[in-house]
Undergrad: 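Structure below; questions to follow.
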Number of protein chains: 2
Amino acid sequence: MKEETIRKKLNKAGLKATPARLAILALFAKRHTPLSADDIAIALKKEKIDLVTIYRTFASLEKAFILKRVDLRRDAAYFEMADNHHHHHLVCTECGDIEDFELCDIGNLSQKILKKSSKFKAVSDHAFELFGLCTSCAGK
Amino acid sequence: MKEETIRKKLNKAGLKATPARLAILALFAKRHTPLSADDIAIALKKEKIDLVTIYRTFASLEKAFILKRVDLRRDAAYFEMADNHHHHHLVCTECGDIEDFELCDIGNLSQKILKKSSKFKAVSDHAFELFGLCTSCAGK
DNA sequence: TTTCTTGCAAATTTTTTGCAACTTA
DNA sequence: TAAGTTGCAAAAAATTTGCAAGAAA
């Protein structure tokens with residue numbers, strides 16, 4: 001993703017295009033896998049971005065729907081670009097390896113569920129991840 | 001759930017039926033909502049179960065498939081009885097309120113996804129939660 | 001009695017807050 | 001310049017570890 005695109009995105013959200021945000025978003029755009037605060041600190045150690053800044057960036061970009069949280073059942077919080085083509089993850093419970101998949105019928109499903117619900121009025125997002133064994137871990 | 005049932009479950013898993021485990025599982029059986037370590041410590045404060053014990057109980061019961069982890073996008077880890085009728089959650093992003101739903105086609109879906117996968121051999125579990133607004137928060 | 005569990009203290013790890021200095025628009 | 005951001009230090013919260021004492025099978 002071009003820096004210009006990222007700047008526009010931030011702008012539209014009313015967020016300033018600071019070096020930290022640009023670097024973090026560029027990293028998310030380059031890597032197509034969920035990243036934790038620590039992952040980012042390590043990958044951008046040359047840029048020396050404070051962990052606090054990374055956490056605050058997560059918070060502001062999540063609120064702006066630029067990043068989205070991904071549940072990997074790990075210790076730390078993971079995020080991903082929100083605008084990538086809609087997809088979810090197969091997660092290996094043994095080695096943590098991740099594969100994306102796009103097949104996701106959940107838009108329909110969630111409308112059905114919402115209709116049946118007595119307490120909910122709207123659904124804005126969903127978590128959908130599959131946990132299992134990758135070929136190499138299953139072989140062991 | 002009767003204590004006898006719980007004892008059997010633990011037994012079958014090769015785990016000892018200690019007071020802490022019995023109390024924790026009884027609580028999970030009574031409340032039908034996901035609970036964090038803290039929730040349990042508070043609910044069972046009369047029993048004075050150490051937080052460390054609760055975390056260790058989570059670990060052993062999760063491994064034994066007696067408890068399962070639930071992703072609520074909160075700060076702490078939440079668990080639930082694993083054997084309850086299969087269900088998932090609508091989670092209000094505003095107030096945290098939870099409603100269960102049972103409609104879940106994911107068994108089929110995950111087989112389809114697995115077939116298409118190049119790296120995965122088996123899927124043993126899935127996370128599927130919907131995030132949105134409950135009626136009362138949507139009204140605000 | 002043997003093995004598994006617990007509690008306590010202490011350490012780690014993850015995430016958040018306060019505040020002054022500094023950038024971006 | 002005004003509003004939003006960052007880094008640093010410190011705190012808070014969540015989770016884990018070591019070890020000796022205690023309980024279950």
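Quantities reported herein were computed from a predicted structural model and do not represent experimental measurements. Throughout, a chain's letter reflects where its sequence line sits, starting with A, and its residues are numbered from 1.
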Undergrad: Would you indicate whether the side-chain heavy atoms of Arg21(A) and Ser60(A) approach each other to under 4.5 Å?
TA: yes
Undergrad: Taking atom C1' of dA14(D) as reference, at what distance in whole Å does atom CZ of Arg73(A) sit?
TA: 19 Å
Undergrad: His126(A) and Phe131(B): which non-hydrogen atoms are nearest, and at how many Å?
TA: CA-CD1, 4.2 Å
Undergrad: Could you tell me the separation between the CG atom of Asp50(B) and the P atom of dG22(D), rounded to a whole number of Å?
TA: 16 Å
Undergrad: Could you state the CG-P distance from Leu15(B) to dA24(D), rounded to the nearest angstrom?
TA: 14 Å
Undergrad: Is the number of heavy atoms from other residues, nucleotides or ligands under 6.0 Å of Lys119(A) NZ greater than 12?
TA: yes
Undergrad: Within the side chain of Thr57(A), is there an N or O that forms a donor-acceptor pair under 3.5 Å with the backbone of Thr53(A)?
TA: yes
Undergrad: Give the rounded distance in Å between these two atoms: OH of Tyr55(B) and C1' of dT16(D).
TA: 10 Å
Undergrad: Any idea which of dT5(D), dA24(D), dT15(D) is nearest the Thr18(B) side chain?
TA: dA24(D)
Undergrad: Using only atom types and a distance under 3.5 Å, with no angle test, would you say the side chain of Asn11(A) pairs donor to acceptor with the backbone of Lys8(A)?
TA: no
Undergrad: Of Glu3(B), Met81(B), Lys30(B), Met1(B), which is the lone residue that meets side-chain contact (heavy atoms from CB on, under 4.5 Å) with Leu25(B)?
TA: Met81(B)
Undergrad: Using the side-chain contact (heavy atoms from CB on, under 4.5 Å) rule, take Arg7(B) and Leu22(B) through it: C-alpha gap first, then chi angles, then the decisive distance, then the call.
TA: CA-CA 8 Å; Arg7(B) 280 180 181 281; Leu22(B) 292 171; 3.6 Å; yes
Undergrad: Using heavy atoms and a sub-4.0 Å distance, could you list which residues of residues 19-37 of chain A are near DNA chain C? By number, please.
TA: Pro19(A)
Undergrad: Determine whether a donor-acceptor pair (one donor, one acceptor, N or O, separation below 3.5 Å) exists between the side chain of Arg56(A) and the base of dG4(D).
TA: no
Undergrad: Students often mix this up, so state it plainly: with edges at 30° and 60°, are the rings of Phe101(B) and His88(B) parallel, tilted or perpendicular?
TA: tilted
Undergrad: Distance check needed: dT17(D) C1' versus Ile54(B) CD1, whole Å only.
TA: 17 Å
Undergrad: Please find the earliest and latest nucleotides of DNA chain C, in the 5' to 3' direction, that have an atom within less than 4.0 Å of any heavy atom of chain A.
TA: dT14(C) to dA25(C)
Undergrad: Taking CZ from Phe58(B) and P from dT17(D), how many angstroms apart are they, rounded to a whole number?
TA: 16 Å
Undergrad: Ignoring hydrogens and angles, are the base of dA23(D) and the side chain of Lys16(B) linked by a donor-acceptor pair under 3.5 Å?
TA: no
Undergrad: Check the distance between dA25(D)'s P and Asn11(B)'s CG and give it to me in whole angstrom.
TA: 7 Å
Undergrad: Expressed in angstrom and rounded to an integer, what is the separation of Arg74(B) atom CZ from dT15(D) atom P?
TA: 13 Å
Undergrad: By the definition side chain to side chain donor-acceptor pair (under 3.5 Å), identify the one residue from Arg31(A), His89(A), Lys68(A) that meets it with Glu80(A).
TA: His89(A)
